[in-house]
Structure formats: structure tokens, C-alpha cells
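Keep in mind that the numbers below use all heavy atoms, side chains included, and drop hydrogens, waters and symmetry copies. Atoms within a ligand are numbered from 1 in the order they appear, just like the ligands themselves. Note that the numbering runs from 1 along the sequence shown for the chain.
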Amino acid sequence: MTNSRTIAGYDFHCHVDLHKDPISLIADCERRRIFTLAVTTTPKAWPQNRKWTASCRYVRAAVGLHPELAGGRHRETDLLKLCMRETAYVGEIGLDGSPPHRESLPIQRRVFGAILDEAARLGGKILTIHSRRAAAEVIDQIGQRAAPGHVISILHWFSGTENELLAGVAAGCMFSINPAMAASKGGRAIIETLPLDRLLTETDAPFAEIAGRRTHSADVMDLVGQIARIRRQEEDEVRAAIAQNAARLFAFAALGADARKDMS
Ligand code: MN
């Protein structure tokens with residue numbers, strides 16, 4: 001089990017398997033003691049990611065089906081549901097209503113709904129969720145299908161309106177903040193508004209960029225200071241809150257793991 005006291009930083013959304021050298025990234029996260037959630041975009045990537053992270057202290061793998069791929073890969077939903085029995089962490093999942101993916105929204109909805117229902121049925125799941133141009137609908141689905149208590153939803157790289165943000169908070173969601181958000185006007189408004197007990201950090205590496213280079217899990221270390229400055233709070237206070245929020249998730253995941261043992 002993850003020992004919160006030794007963790008130096010938190011990257012709750014990282015595409016380890018799309019990095020050019022996943023093995024060295026994982027070794028680096030282990031060495032720096034950065035808790036890193038390795039999200040996946042198809043359940044076919046699950047066995048490899050599970051193998052890479054099986055002996056890790058700080059890196060965990062999540063099984064997912066990315067909304068941008070759901071149109072072509074919706075037949076993998078049953079495989080994903082099977083893999084969900086093996087882990088507390090599910091992602092990347094969600095909806096994408098941006099122009100290139102809008103057409104597949106009806107399929108995306110079916111896939112996302114089925115995953116939320118399975119997560120609620122199994123319980124003890126922590127979800128990392130994409131909601132670009134679909135925030136209201138994603139939050140609505142979470143509210144209807146994935147009540148906190150059974151499932152914890154983390155809205156990753158959230159870019160909705162302030163009202164949508166408040167709706168997400170009311171629905172019990174957590175929010176993972178990345179360096180690209182800290183560098184954008186909209187992102188900074190979200191960072192300022194979020195209640196401290198909902199805040200987590202992520203990188204979305206290798207996709208998010210800062211200062212013209214791709215992000216790396218280690219970027220979460222400086223990010224805490226940036227978040228503190230945006231919120232006009234002490235860095236130690238923000239760091240402690242993130243650690244406390246993460247500890248709550250780990251305790252929730254551990255309860256789910258015990259339940260899985262009891263079932264087997
Ligand atoms: Mn992502």
C-alpha cells in the first residue's frame with residue numbers, strides 16, 4: 001500500500017505509456033517519490049501497464065478508454081469492465097464535445113455511462129475524467145450514476161465555466177490541476193475558486209506543455225508553489241491540503257482492495 005508520509009509530490013494524471021521511455025519515467029517517479037497515476041487510453045494497454053507498475057511503491061496504473069477513441073473502440077467496453085475488477089483506478093474516461101469528436105458523442109455517452117455504472121456497482125473506484133467541451137454533461141452523469149461514497153470522480157484538466165465548476169464541487173468531484181492550467185487565464189480562475197479540499201495536482205504528460213517543452217511528472221513539485229501564489233495562500237498549506245486529499249483517496253482505494261480480496 002502507498003505510504004503517504006514518504007510521498008514528495010502527486011501526479012494524478014500521467015500518460016506513462018505514451019512517454020518515449022516509460023521504464024525510465026517510472027524509475028524516475030520511484031526515485032523522486034512522486035505518486036504517479038499512469039492512465040491508459042484503451043483497456044488493451046492494461047496488462048502492460050499493470051506489469052510495469054506491479055512492484056512500484058509510487059506508481060499505480062489506471063485502466064481506461066479515452067473518449068477520443070471511444071468512437072472506434074466502443075467494443076472494448078466489456079474488456080474494460082473486466083479489467084476494472086483488478087484495480088481501484090479507472091481512467092482516462094469521459095466525454096469530449098470538441099469539433100473533431102462531437103460526432104461520436106452518442107457512442108461516447110454509452111461507453112462513459114456503462115463505465116460509471118460498473119464503477120458504482122463495484123465500488124471503491126477512483127476515476128480520472130476528461131470533460132473538454134462537455135463539462136455540464138459529465139457532471140450531470142456523475143451526479144446521476146456515481147454518487148460519492150461508492151466512487152470518487154477526479155475531473156482532470158477541467159475547463160468548464162465557473163457555474164460548471166461549482167456544480168462539480170456540489171456533485172462531490174475532486175479536480176486535478178496541471179501546469180498548463182496554472183499558465184492560462186481560465187485555468188487560474190479555476191485554481192482560485194476551488195475549495196482546498198478538492199484540489200489535486202497532475203501533469204497530463206506528455207501532452208500538456210509548459211514554456212515550449214512537454215511536461216514531466218516532476219513538474220508537480222513547482223506546480224504547488226504556483227497554485228499557492230494564484231490562491232494567495234502559503235505553499236505549505238496548499239502542499240498539506242493536497243497530501244491530505246490524496247491520503248483520503250488512498251484510504252478509499254484500500255477499502256475497495258479489501259472488498260476485492262473478500263470477493264475472490
Ligand atoms: Mn490525458
Side-chain angles (χ1 to χ4, degrees), residues 9-22 25-26 29 34-46 48-49 52-53 59-73 76 80 83-84 87 89-102 104-105 108 111-112 115-116 119 125-135 137-139 141-142 152-160 168 173-184 186-187 190-191 199-210 213-220 223 249:
Y10 300 86
D11 183 355
F12 269 93
H13 189 106
C14 179
H15 293 270
V16 168
D17 63 355
L18 302 179
H19 190 269
K20 61 181 183 320
D21 187 353
L25 175 61
I26 289 169
C29 293
I34 296 172
F35 173 84
T36 300
L37 187 57
V39 298
T40 52
T41 54
T42 152
K44 298 211 164 144
W46 170 247
Q48 177 68 77
N49 279 267
W52 277 335
T53 55
V59 186
R60 294 287 177 270
V63 59
L65 180 46
H66 198 291
E68 290 177 8
L69 304 182
R73 289 181 176 267
E76 295 175 21
L80 177 106
C83 299
M84 281 170 67
T87 175
Y89 297 101
V90 182
E92 181 164 2
I93 58 169
L95 298 177
D96 190 307
S98 67
H101 306 290
R102 202 175 287 158
S104 70
L105 264 173
Q108 292 182 43
V111 171
F112 183 51
I115 298 169
L116 289 179
K125 301 298 176 199
I126 293 168
L127 318 179
T128 172
I129 301 175
H130 172 114
S131 57
R132 181 166 56 208
R133 303 270 192 108
E137 193 179 344
V138 162
I139 292 161
Q141 290 287 323
I142 290 168
I152 295 179
S153 298
I154 307 171
L155 296 176
H156 121 84
W157 199 339
F158 188 75
S159 57
C173 297
M174 306 287 295
F175 294 79
S176 55
I177 303 297
N178 66 42
M181 294 173 74
S184 81
I190 287 163
I191 292 168
L199 206 150
L200 297 166
T201 46
E202 62 154 72
T203 61
D204 205 17
F207 298 116
E209 293 196 354
I210 38 168
R213 66 160 177 88
R214 290 182 161 195
T215 46
H216 181 283
S217 286
D219 291 322
V220 295
L223 178 59
L249 297 192

Exercise. Which protein N, O or S atoms sit under 2.8 Å from the Mn ion (ligand 1)?
Worked result: His13 NE2, His15 NE2, Glu92 OE1, Asp204 OD1
Exercise. Run the side chain to side chain contact (heavy atoms under 4.5 Å, CB included) check on Asp204 and Met181 step by step: do they pass?
Worked result: CA-CA 11 Å; Asp204 205 17; Met181 294 173 74; over 6 Å; no
Seminar exercise, completed: Residue set satisfying side-chain contact (heavy atoms from CB on, under 4.5 Å) with Ser98, at least two apart, ordered chain then number -> Asp96, Pro100, His101, Arg132, Arg133
For this session: Please check if any side-chain donor atom of His13 sits under 3.5 Å from a side-chain acceptor atom of Thr128, or the reverse.
Result: yes
For this session: Sort out for me which residue in Asn178, Thr201, Thr203 forms a side chain to side chain donor-acceptor pair (under 3.5 Å) with Asp11.
Result: Thr203
Seminar exercise, completed: In short, Ala61 meets Tyr89 closest at the heavy-atom pair O-CB, 3.8 Å
For this session: Report the relative orientation of the aromatic rings in His156 and His130; use parallel for angles under 30°, tilted for 30 to 60°, perpendicular for over 60°.
Result: tilted
